[in-house]
Amino acid sequence: MTIVTRFAPSPTGYLHIGGARTALFSWLLARHAKGRFLLRIEDTDRQRSTREATDAIIDSMKWLGLDHDGEIVFQSQRIDRHNEAIDQLLAKGKAYWCECTPDQVEAMRVKARAEGRKPKYDNSCRARNLGPGSGRVVRFKTPLDGATSYLDMVKGPTSIENAEMDDMILRRADGSPTYNLAVVVDDHDMGVTRVLRGDDHVANTPKQILLYQALGWDVPEFGHVPMILGPDKKKLSKRHGALSVMEYEKMGYLPQAMLNYLARLGWSHGDQEVFTPKELVELFDTDNLGSSASVFDMKKLDWLNSQYMQAADPRDLVRPLSDFLSRIDIPDADPDVLKKAIPLLQPRAKTLVELAEMSLIFVTKSADIEYDPKAVEKFLTPESVALLREFAAELEKAPDFRPEPLEEMAKGFIEARDLKFKHIAQPIRVAITGKTASPGLFETMEVLGREETLKRMARAFQL
RNA sequence: GUCCCCAUCGUCUAGGGGUCUAGGACGUCGGCCUCUCACGCCGGUAACAGGGGUUCAAAUCCCCUUGGGGACGCCA
């Protein structure tokens, strides 16, 4: 039997880290088994569902590379089918009409809690054999005793007393089907065989299993992935900063790094830390999913990202780099310059944002280079400028502007004057980059080219 | 309040009764490399929440306590 999984977010907000991870695990589960991964948008709450949120979710998944099979299913378009199932349940005597008002039910809950019991509806309409009527809802006849058990893919054997559950509403007074019913009908119709979702759904699972059984359908396997916590060990929330997956894109993280990080958060494969998407697909299994919540650690994400930055083919970074440069109002950087600069910056930039910032020394024209005043004061002293003028003269006639010959030349220059390289390195650096930190001097010069290098030095001499 | 779940370095985790004086990774600290900043390399620091069992033997199994989390909607 082919394995079919799904991701079923409700479009009431952006796709956040937690949702992205459950989507990733479901995707991995399907791809590993050569099965199918479906996407369903649970937009039955018309008030809170938005088109923007739907788009944001789709964009985020696209960015992460989580491709889905088949058409996207919109739950709101399947209401007739949901109602059909409810009618079926009614016909089988597994559901009944109830005319208790929300206020009455609330009173029952308050009473139950006061008596130290679990807040529940008291099933009072169960025996009344009511028919349809305005203001009435349809409730499910939850078994009064026994237990509902299943083998959770991550938690193992799980069992809940049926008495813990109340008779859930299947159809609201306005005629609309409720969540648990809709999910069961949709998952069944879509042929979903494995449901991997967030821990916050554990309480829904037994209810849904009961529904499957009442409808006479095969029950899929379920698995509940632990939550992701913030640094304060509380549920990850807006307080902890960027939450939406697309925020991480904006911060300059590479999708593969994000994917890798998310996969390792709650899942492991021995001591391995770095995984290509392909490896993830090959190696993923629910057996190695952990069962405790994990804290989101930005530092480790940074490290992983820097690993991916370093390992990237420079050519693949040109496009993203110019995009990020555009975002800081530099839309016309020369791709050839970028291509040459990238290898120098790869080991230094943890994110694309940093890459863009660091590339500024290469894409800025000499006239616009900003000189760090402190650096100028410290290194561009009259003595060092005098020395640099002599050095510039040699640069001008250097036969070969590549790093090695340049370094040879510099060596000759300082030896002739009985100096150490240290004496001229920082002055040169400040003169050609305006900063005290940069990639290797000669590599930098090569990328800048002779003309630009000399222009910058000339300008630095005027400071 | 009721029910459910979870518990190894600061963080992510390995570990499935003896090979655990608990391994890896991030971070952190120290060193090396070095024209700066990084990268890289080497080394250090640091954990089985507590208490009871079971067993010849427990990080591993059981119970309790504590701590954390989640769920209890005519939301999804």
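Order of the sequence lines sets the chain letters (A, B, ...), proteins ahead of strands, with each chain counted from 1.
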Practice prompt. Syn or anti for B/G53, please, going by whether the chi angle lies within 90° of 0.
Written response: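 Because its glycosidic torsion lies more than 90° from 0, B/G53 adopts the anti conformation.
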
Sugar-phosphate, base or nothing in reach of [X], heavy atoms under 4.0 Å:
X	value
A/Thr101	base
A/Gln307	sugar-phosphate
A/Asn204	base
A/Pro439	base
A/Ala437	base
A/Cys100	base
A/Gly266	sugar-phosphate
A/Ser292	sugar-phosphate
A/Glu273	base
A/Thr436	base
A/Gln310	sugar-phosphate
A/Leu265	sugar-phosphate

Could you tell me whether [X] and [Y] make a salt bridge, using a distance below 4.0 angstrom between a side-chain N and a carboxylate O?
X	Y	value
A/Arg172	A/Asp174	no
A/Lys374	A/Glu377	no
A/Arg402	A/Glu404	no

With rounding to whole Å, what would you report as the distance between [N] and [M] at their [atom1] atoms?
N	M	atom1	answer
B/A22	B/C4	C1'	31 Å
B/A25	B/C9	C1'	12 Å
B/C29	B/A46	P	16 Å
B/C32	B/G70	P	48 Å
B/G16	B/U2	C1'	33 Å

Centroid-to-centroid, [X] to [Y], below 6.0 Å?
X	Y	answer
A/Phe25	A/Phe37	no
A/Trp267	A/Phe275	yes
A/Phe442	A/Phe421	yes
A/Phe296	A/Tyr261	yes

Worksheet entry | Sub-4.0 Å heavy-atom contacts from residues 150-178 of chain A onto RNA chain B, ordered by number |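 Residues of residues 150-178 of chain A under 4.0 Å from RNA chain B: A/Lys155, A/Glu164, A/Ile169, A/Arg172, A/Ala173.
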
Discussion item. Within 45 degrees of the ring normal and closer than 6.0 Å to the centroid, is that where the cationic atom of A/Arg40 sits relative to A/Phe7?
Written reply: no

Fill in: Stacked cation flag A/Arg417 on A/Phe413, 6.0 angstrom / 45 deg
yes

With both distances kept under 3.5 Å, what pairs with [N], Watson-Crick or G-U wobble?
N	value
B/C26	B/G10
B/C72	B/G1
B/C32	B/G40

Discussion item. Please identify the 5'-most and 3'-most nucleotides of RNA chain B with any atom under 4.0 angstrom from a heavy atom of chain A.
Written reply: B/G1 to B/A76

Worksheet item: Is the backbone N or O of A/Ala23 less than 3.5 Å from a side-chain atom of A/Ser26, with the two atoms forming a donor-acceptor pair by type?
Response: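 No; judged by distance alone, with no hydrogens or angles, the pair does not exist.
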
